[in-house]
Amino acid sequence: MPAILFFLLLLPAANGHRGKQLTPAGHTVVSLDFHFQEQPSTPDSDTIYYAPYRKLSWNDFTGRPPLSGPSGAVSYTSFSYEGSSRVYKDTLHISLLLQVFFVKSASWVKPGNNTTYGLAHEQLHFDITRLVVERFKQRLKQTALNRDDYDSVIQFQYLEAFREMNRLQYAFDRDTHSGMNAAAQASWREKVTIALKNNGTLPEELGNDINSFPSGPR
């Protein structure tokens with residue numbers, strides 16, 4: 001049964017001030033921009049950064065599977081961010097580099113489990129991670145930031161997004177019985193596809209019938 005592992009990677013979070021110091025009063029305008037790290041995968045790279053045109057293949061699962069355990073495959077995905085800031089005139093400019101990634105050496109598949117359907121399940125795990133980062137991005141856009149505590153606010157939202165990722169990944173495996181329920185997996189695929197096309201907004205948040213999708217955290 002396909003499964004997934006998570007880890008929490010905290011990188012420097014928008015605390016590198018460049019240019020003027022942030023102490024003078026009057027810097028009340030905050031500008032926030034986002035960039036996604038999308039690098040072409042090379043054969044010797046252990047990390048795949050999420051890109052819509054780059055789907056996972058079983059060749060990406062280079063880790064050694066355990067001798068025992070119920071899982072047929074594991075995808076090691078997560079996300080992180082790096083931040084920088086600078087002051088120009090009366091505006092604090094914050095730039096975040098968002099990274100959604102898959103670690104090859106920590107991902108594995110047992111012999112006989114490398115099916116097309118199983119790979120689609122693992123790809124959905126990766127897509128869910130990307131979806132959560134989009135939701136993290138949209139929440140930050142709607143959050144009031146100021147020059148005194150923007151760093152802690154961003155870190156808090158990051159931790160909240162990480163918790164949401166774990167909840168959604170668990171709900172996905174629960175509802176699909178780790179991929180054994182094809183109908184539920186098809187519903188999740190539609191759910192994630194709709195959300196990715198709507199800036200991370202889930203179908204139930206768009207007012208669609210939630211009963212047509214697997215139950216999960218809201």
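Values below: all heavy atoms of this structure, side chains included; hydrogens, waters and symmetry mates excluded.
- The closest side-chain heavy-atom distance from Val192 to Ile128 is below 4.5 Å.
- Shown here are the salt bridge (Lys or Arg N to Asp or Glu O under 4.0 Å) partners of Arg135, two or more places apart in sequence or in another chain: Glu164, Glu205.
- Side-chain contact of Tyr150 with Ser85: a donor-acceptor pair under 3.5 Å is present, judged by distance alone.
- Contacts of Ser45 classified as side-chain contact (heavy atoms from CB on, under 4.5 Å), with partners at least two apart in sequence or in another chain: Thr42, Thr47.
- Taking the centre of each ring, Tyr158 and Phe79 come in below the 6.0 Å mark.
- Between Ala182 and Tyr117 the shortest heavy-atom distance is CA-OH, 3.2 Å.
- Note that CG of Asn199 is 7.0 Å distant from NZ of Lys137, once rounded to the nearest 0.5 Å.
- A donor-acceptor pair under 3.5 Å is absent between the side-chain atoms of Lys191 and the main chain of Pro203, judged by distance alone.
- Atom-to-atom distance recorded for Leu96:CG and Ile94:CD1 is 7.0 Å, nearest 0.5 angstrom.
- Of all heavy-atom pairs between Asp149 and Ser152, the closest is O-OG, 2.9 Å.
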List the steps and the verdict of side chain to side chain contact (heavy atoms under 4.5 Å, CB included) for Leu202 and Leu131.
CA-CA 9 Å; Leu202 294 166; Leu131 168 61; 4.0 Å; yes

Show your reasoning for whether side chain to side chain contact (heavy atoms under 4.5 Å, CB included) applies to Thr176 and Leu124.
CA-CA 11 Å; Thr176 64; Leu124 264 172; over 6 Å; no

CA sep, side-chain torsions, deciding dist, call: Thr143, Leu32, side chain to side chain contact (heavy atoms under 4.5 Å, CB included)
CA-CA 10 Å; Thr143 300; Leu32 185 62; over 6 Å; no

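- Listed by chain and residue number, nothing satisfies the salt bridge (Lys or Arg N to Asp or Glu O under 4.0 Å) test with Arg189 (two or more places apart in sequence, or in another chain).
- Scored by the side-chain contact (heavy atoms from CB on, under 4.5 Å) test, His35 finds Asp33, Ser95, Leu97 as partners (sequence neighbours excluded).
- Between Leu98 and Phe136 the shortest side-chain heavy-atom distance falls below 4.5 Å.
- Across all their heavy atoms, Trp188 and Asp175 have their closest contact at NE1-OD2, 3.3 Å.
- Taking each heavy atom of Thr91 and Ser31 in turn, the nearest pair found is CG2-CB, 3.9 Å.
- Sorted by first and then second residue, the salt bridge (charged side-chain N to carboxylate O under 4.0 Å, His left out) pairs with a member in residues 43-55 read Arg54-Asp60; sequence neighbours excluded.
- For the ring-ring contact (aromatic ring centres under 6.0 Å, His included) test, residues two or more places apart in sequence or in another chain that qualify with Tyr50 are Phe126.
- In terms of heavy atoms, Phe101 sits closest to Ser80 at CE2-OG, 3.7 Å.
- Under a 3.5 Å cut-off, the side chain of Gln169 and the backbone N or O of His125 do form a donor-acceptor pair.
- Annotation: side-chain contact (heavy atoms from CB on, under 4.5 Å) contacts of Leu119 (sequence neighbours excluded): Leu56, Trp58, Phe61.
- Between the CZ atom in Arg163 and the CG atom in Leu168 there is a gap of 14.5 Å [rounded to 0.5 Å].
- Qualifying side-chain hydrogen bond (donor to acceptor under 3.5 Å, both in side chains) partners for Gln37, counting only residues two or more places apart in sequence or in other chains: Tyr49, Gln99.
- Linking Ile, Leu, Val, Met, Phe, Trp and Tyr residues whenever their side-chain heavy atoms come within less than 4.5 Å leaves Phe156 and Phe34 in two separate clusters.
- Side-chain atoms of Asn198 come within 3.5 Å of backbone atoms of Ile194 as a donor-acceptor pair (strictly under, hydrogens ignored).
- Distance check: Asn146 CG to Leu92 CG gives 9.5 Å after rounding to the nearest 0.5 Å.
- Rounded to the nearest 0.5 angstrom, Ser57 OG and Ile48 CD1 are separated by 7.0 Å.
- Every side-chain contact (heavy atoms from CB on, under 4.5 Å) that Ala120 has, sequence neighbours left out, goes to Gln185.
- In terms of the side-chain hydrogen bond (donor to acceptor under 3.5 Å, both in side chains) criterion, residue partners of Glu134 (sequence neighbours excluded) are, by chain and number, Arg130, Gln138.
- In terms of heavy-atom proximity, Ser178 sits nearest to His121 at C-CE1, 3.6 Å.
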Pair Tyr81, Ile154 - check side chain to side chain contact (heavy atoms under 4.5 Å, CB included), show working.
CA-CA 10 Å; Tyr81 72 94; Ile154 293 172; 3.6 Å; yes

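- Side-chain atoms of Ser107 come within 3.5 Å of backbone atoms of Tyr76 as a donor-acceptor pair (strictly under, hydrogens ignored).
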